[in-house]
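Working notes, structure below.
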Amino acid sequence: MSLLHLSFYSAFALSGLGLAFHRTHLISALLCLESMMLSLYVALSIWPVENQAASFTLTPVLMLSFSACEAGAGLAMLVASTRTHGSDHLHNLNLLQC
Amino acid sequence: MTYFVFFLGLGFVLGGLGVASNPSPYYGIVGLVVASVTGCGWLLSLGVSFVSLVLFMVYLGGMLVVFVYSVSLAADPFPEAWGDWRVVGYGLGFVLVLVIGVIVGGFIEGWKLGLVTVDSGGMFSVRLDFSGVALFYSCGVGMFLVAGWGLLLTLFVVLEVVRGLSRGAIRAV
């Protein structure tokens with residue numbers, strides 16, 4: 001694997017692990033999600049450059065618009081959690097009781 | 001120049017590590033900014049300047065600014081920086097996972113640098129990314145409208161999730 005491919009691959013894997021091993025704040029998990037989206041954006045941008053196919057340049061911009069939707073929904077949940085529980089600590093989201 | 005791009009790739013991984021090691025969100029944002037700045041520099045070195053500028057303006061200037069002022073809702077009285085022992089433990093654990101993954105996956109044996117820079121491509125040609133994203137308006141107009149519709153829908157989703165008084169999704173009061 002070329003080193004630059006390894007770079008975004010490992011950034012994606014690290015951010016995914018950071019999302020899985022979340023600790024206190026909901027917004028830290030959302031930041032890890034944003035970091036995964038960033039590494040996906042860079043990966044999708046490199047692909048048309050390597051294959052010299054111009055039409056695939058649409059893909060990262062499209063992905064960014066959908067990731068903006070997802071970030072908005074995540075921040076809305078953050079605001080709702082703060083207005084309900086007073087903070088965005090993840091131990092407040094305990095409806096599943098497991 | 002090639003090694004500078006390698007340094008930008010390393011900075012990208014370190015920014016991702018900085019977010020993943022779960023410090024207080026004030027410092028996680030710093031990791032995300034470092035990762036996106038180095039990612040933009042990397043894309044610039046490849047010659048695709050349009051997607052790099054889109055990343056800067058939309059991601060860094062739009063979405064991260066919104067995240068920064070949402071972090072004010074997550075205020076800690078004593079925020080954990082990267083010197084805190086829990087964050088260092090997480091960071092070292094992730095570095096260990098990365099190193100073991102690279103060794104076990106055999107990514108070091110046949111290493112090559114990958115795509116390198118566009119140093120002398122000239123300015124008098126139609127660039128790859130400008131002509132590609134312009135297809136949004138011609139061939140890809142269907143996806144353009146779907147994306148616009150999705151963004152409009154997100155506004156209403158956000159409005160309904162944060163609405164209070166027993167009409168919202170998470171509100172208990």
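Within every chain, numbering begins at 1; the chains are lettered A, B, ... in the order of the sequence lines, protein sequences first and strands thereafter.
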Side chain, backbone, both or neither: which part of Glu70(A) has an atom under 4.5 Å from a heavy atom of chain B?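 Neither the backbone nor the side chain of Glu70(A) comes within 4.5 Å of chain B.
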
Side chain, backbone, both or neither: which part of Ser67(A) has a non-hydrogen atom closer than 4.5 Å to chain B?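 Both backbone and side chain.
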
Interface moiety of [X] toward chain A, non-hydrogen atoms closer than 4.5 Å:
X: Val48(B); result: side chain
X: Ile29(B); result: both
X: Met143(B); result: both

Between [options], who has the most heavy-atom pairs with chain B when the cutoff is under 4.5 Å?
options: Ala29(A), Gly16(A), Ser15(A), Ser45(A); value: Ser45(A)
options: Gly74(A), Ala73(A), Cys69(A); value: Cys69(A)
options: Val42(A), Leu19(A), Leu31(A); value: Leu31(A)
options: Ser10(A), Ala53(A), Ala54(A), Ala13(A); value: Ala54(A)
options: Leu30(A), Leu26(A), Thr24(A); value: Leu30(A)
options: Cys32(A), Pro60(A), Ser87(A); value: Cys32(A)

Just give me the residue among Val66(B), Val157(B), Leu32(B) that pairs up with chain A most often, heavy atom to heavy atom, under 4.5 Å.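 Going by pairs under 4.5 Å, I would pick Leu32(B).
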
Pairs in or reaching into residues 6-24 of chain A: which pass salt bridge (charged side-chain N to carboxylate O under 4.0 Å, His left out), with residues at least two apart or in two chains?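 Listed by first then second residue: Arg23(A)-Glu80(B).
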
Can you list everything that forms a ring-ring contact (aromatic ring centres under 6.0 Å, His included) with Phe12(B)? Sequence neighbours excluded, please.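 For Phe12(B) the ring-ring contact (aromatic ring centres under 6.0 Å, His included) partners, ignoring immediate neighbours, are Trp42(B).
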
For the pair Tyr90(B) and Phe21(A), name the ring-plane relationship: parallel under 30°, tilted 30 to 60°, perpendicular over 60°.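 Tyr90(B) and Phe21(A): perpendicular rings.
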
